[in-house]
Colleague: 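Structure provided below as structure tokens; questions to follow.
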There are 2 protein chains.
Amino acid sequence: MELEPKVRGCCRLDVRSELTEAAARPLAERLAALADPNRLRLLEILGRCAGKVCVCELVEALPLSQPTISHHLRVLRAAGLIDYEKRGVWAYYYVRREALQELEAQIRGLVAPSVEG
Amino acid sequence: MELEPKVRGCCRLDVRSELTEAAARPLAERLAALADPNRLRLLEILGRCAGKVCVCELVEALPLSQPTISHHLRVLRAAGLIDYEKRGVWAYYYVRREALQELEAQIRGLVAPSVEG
DNA sequence: GCCATAGATTGACGTAGTTCAATGGCTCAA
DNA sequence: TTGAGCCATTGAACTACGTCAATCTATGGC
């Protein structure tokens, strides 16, 4: 009784998501960290500079207040996409490239075909 | 007078974002379309099924109302990540894999190192 | 033509995100 | 120890987003 196949005019599949809510949420959070124009620009600056960049550079590079820059850096860091190192009064941020690569891989894996439909 | 080099204790760089606001915005919008757990789950279902999937399947697969599913499909479609085909009263959605691949490439290109720092 | 059904749209509500001004903590120099 | 500078945090205002109930549109069967 439980296993009766669905009979419908529109489709023969009976699809279920293999991506659970619990698995989708952290991926969505990392993508949300990326999904802001100003955070993309910050990341682009950090990514293009091979070394570590002082916050004052970032504040000058974008038309945003210092607290706002600080907020965006915090979001990126919470997502694991960047990290920083404190030297005296200065903070130097850098991209965690392996995190970006992992994110790419997850996007790729998300839509890897596996079922006929 | 305009070209005097910056003298600062913290850094010797004078960084500018090569990613303009105008270029960052559409990329951020596509990422924002991806940055929702339920949209990721929809995309995962569409991606895993090689063919095209009827909306009724999607409504059954996730614990969301039909209007909400329809809204999310609209967002994904506006971002160019999926498309659909109408057959009679039914609508069949599918992933635009080339759009996902382009998005991956843009993330990769974003943080390609090019400047000493 | 009429009705049932699939899916899209609208409107409303609650939550989350972006931004800045003001302020706080910390470190170094004098 | 006092002051100045760098960066983080807080609080408030505004906007954007996710969700559902209700409604609308369009298609196909009778």
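Values below: every heavy atom of this structure, side chains too, minus hydrogens, waters and symmetry copies. Chain naming here is simple, since letters A, B, ... match the order of the sequence lines and numbering starts at 1 in each.
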Colleague: Atom CG of B:Leu62 to atom P of D:dG18: distance rounded to whole Å?
Modeller: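 Atom CG in B:Leu62 sits about 14 Å away from atom P in D:dG18.
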Colleague: Under 4.0 angstrom, heavy atoms only, what part of the nucleic acid is A:Cys10 near: base, sugar-phosphate, or nothing?
Modeller: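 Counting heavy atoms under 4.0 Å across all strands, no contact is made by A:Cys10.
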Colleague: Please pick, from C:dA8, D:dC7, C:dC20, the nucleotide with the shortest atom-to-atom distance to any side-chain atom of B:Ala91.
Modeller: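 Selected nucleotide: C:dA8.
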Colleague: Checking all strands, does A:His72 fall into the base, sugar-phosphate, or nothing category for heavy-atom contacts under 4.0 angstrom?
Modeller: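 If one applies the 4.0 Å heavy-atom cut-off, A:His72 turns out to touch the sugar-phosphate alone, with no base involved.
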Colleague: Separation of B:Lys52 atom NZ from C:dA6 atom P, in whole Å?
Modeller: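 For the pair B:Lys52 NZ and C:dA6 P, the rounded distance is 21 Å.
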Colleague: Are A:Leu42 and B:Val111 joined in one hydrophobic group, where the rule is that I, L, V, M, F, W and Y side chains link up if heavy atoms are under 4.5 Å apart?
Modeller: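 Yes; B:Val111 is reachable from A:Leu42 via cluster members.
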Colleague: Considering only D:dC20, C:dA21, C:dT18, which nucleotide approaches the side chain of A:Asp36 most closely?
Modeller: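 For A:Asp36, the side-chain atoms sit closest to C:dT18.
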Colleague: Should we say atom CZ of A:Arg74 is surrounded by more than 12 heavy atoms from elsewhere, each under 6.0 Å from it?
Modeller: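 Count not over threshold, so no.
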Colleague: Using the closest heavy atom to pick a nucleotide of DNA chain D for each, name whichever of A:Ile69 or B:Asn38 lands nearer the 5' end.
Modeller: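 Looking at DNA chain D, the more 5' nearest nucleotide goes with A:Ile69.
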Colleague: Please confirm whether B:Arg77 makes a cation-pi placement over B:Tyr84, using NZ or CZ under 6.0 Å from the six-membered ring centre and within 45° of the ring normal.
Modeller: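 Because its charged atom misses either the 6.0 Å distance or the 45° angle limit, B:Arg77 does not stack over B:Tyr84.
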Colleague: According to a strict under-4.0 Å criterion, is A:Arg74 in side-chain N/O contact with OP1 or OP2 of D:dA8?
Modeller: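 Checking A:Arg74 against D:dA8: no side-chain N or O falls below 4.0 Å of OP1 or OP2.
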Colleague: Salt bridge or not for B:Glu29 and B:Arg25, using N-O below 4.0 Å?
Modeller: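 No, this pair does not count.
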Colleague: When you measure from the side chain of A:Cys54, which nucleotide among C:dA21, D:dA22, D:dC7 comes out closest?
Modeller: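 Closest nucleotide among those given: D:dC7.
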Colleague: Between B:Tyr93 (OH) and C:dG7 (C1'), how many Å, whole number?
Modeller: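 For the pair B:Tyr93 OH and C:dG7 C1', the rounded distance is 8 Å.
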Colleague: Below 4.0 angstrom, N of the basic side chain to O of the carboxylate: do A:Arg48 and A:Glu44 qualify?
Modeller: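 A:Glu44 and A:Arg48: salt-bridged.
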Colleague: OP1 or OP2 of C:dT18 less than 4.0 angstrom from a side-chain nitrogen or oxygen of A:Arg39, does that happen here?
Modeller: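 So the side-chain polar atoms of A:Arg39 do come within 4.0 Å of the phosphate oxygens OP1 or OP2 of C:dT18, strictly under.
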Colleague: Select one nucleotide: of D:dC6, C:dC20, C:dG7, the one nearest the side-chain heavy atoms of A:Trp90.
Modeller: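 Out of D:dC6, C:dC20, C:dG7, the nucleotide with an atom closest to A:Trp90's side chain is D:dC6.
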Colleague: Whole-Å distance between C:dT5 P and B:Glu60 CD?
Modeller: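 Distance, rounded to whole Å: 15 Å.
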Colleague: Whole angstroms only, please: what is the NZ-P distance between B:Lys86 and C:dA6?
Modeller: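 Going from NZ in B:Lys86 over to P in C:dA6 covers 11 Å.
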Colleague: Applying a 4.0 Å non-hydrogen cut-off, can you work out what B:Arg87 is touching in the nucleic acid: base, sugar-phosphate, or nothing?
Modeller: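 The residue B:Arg87 makes no contact with any strand.
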Colleague: Quick one: is B:Ser70 getting a side-chain N or O under 4.0 Å of the C:dG7 phosphate, OP1 or OP2?
Modeller: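 Checking B:Ser70 against C:dG7: no side-chain N or O falls below 4.0 Å of OP1 or OP2.
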Colleague: Give the rounded distance in Å between these two atoms: CG of B:Leu31 and P of C:dG17.
Modeller: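 From B:Leu31 CG to C:dG17 P: 16 Å.
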Colleague: OP1, OP2 of C:dC20 versus side-chain N and O of A:Thr68: anything below 4.0 Å?
Modeller: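 For A:Thr68, the contact criterion (side-chain N or O under 4.0 Å from OP1 or OP2 of C:dC20) is met.
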Colleague: Please check if B:Val75 and B:Leu81 belong to a single hydrophobic cluster, counting links between Ile, Leu, Val, Met, Phe, Trp and Tyr side chain heavy atoms closer than 4.5 Å.
Modeller: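 The answer is no; the residues belong to distinct hydrophobic clusters.
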Colleague: What integer distance in Å separates B:Leu64:CG from C:dA8:P?
Modeller: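 The answer, rounded to whole Å, is 14 Å.
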Colleague: Just N and O in the side chain of B:His71: are any of them under 4.0 Å from OP1 or OP2 of D:dG18?
Modeller: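 Checking B:His71 against D:dG18: at least one side-chain N or O falls below 4.0 Å of OP1 or OP2.
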Colleague: Would you say the side chain of B:Gln66 and the base of C:dA8 hold a donor-acceptor pair, judged only by whether the two atoms sit under 3.5 Å apart?
Modeller: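 Under the 3.5 Å cut-off, the side chain and the base do form a donor-acceptor pair.
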Colleague: C:dT18 C1' sits how many Å from B:Glu21 CD, rounded?
Modeller: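 Going from B:Glu21 (CD) to C:dT18 (C1'), I get 13 Å.
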Colleague: Give B:Tyr92 one of three labels, base, sugar-phosphate or nothing, depending on what nucleic acid heavy atoms sit under 4.0 Å from its own.
Modeller: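 Result for B:Tyr92 = nothing.
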Colleague: By nearest nucleotide on DNA chain C, pick out whichever of B:Glu57 and A:Val75 is the more 5' one.
Modeller: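 So the residue in question is B:Glu57.
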Colleague: Need one value for B:Arg77: base, sugar-phosphate or nothing, where a base atom within 4.0 Å counts as base even if backbone is also close, heavy atoms only.
Modeller: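 Touches nothing.
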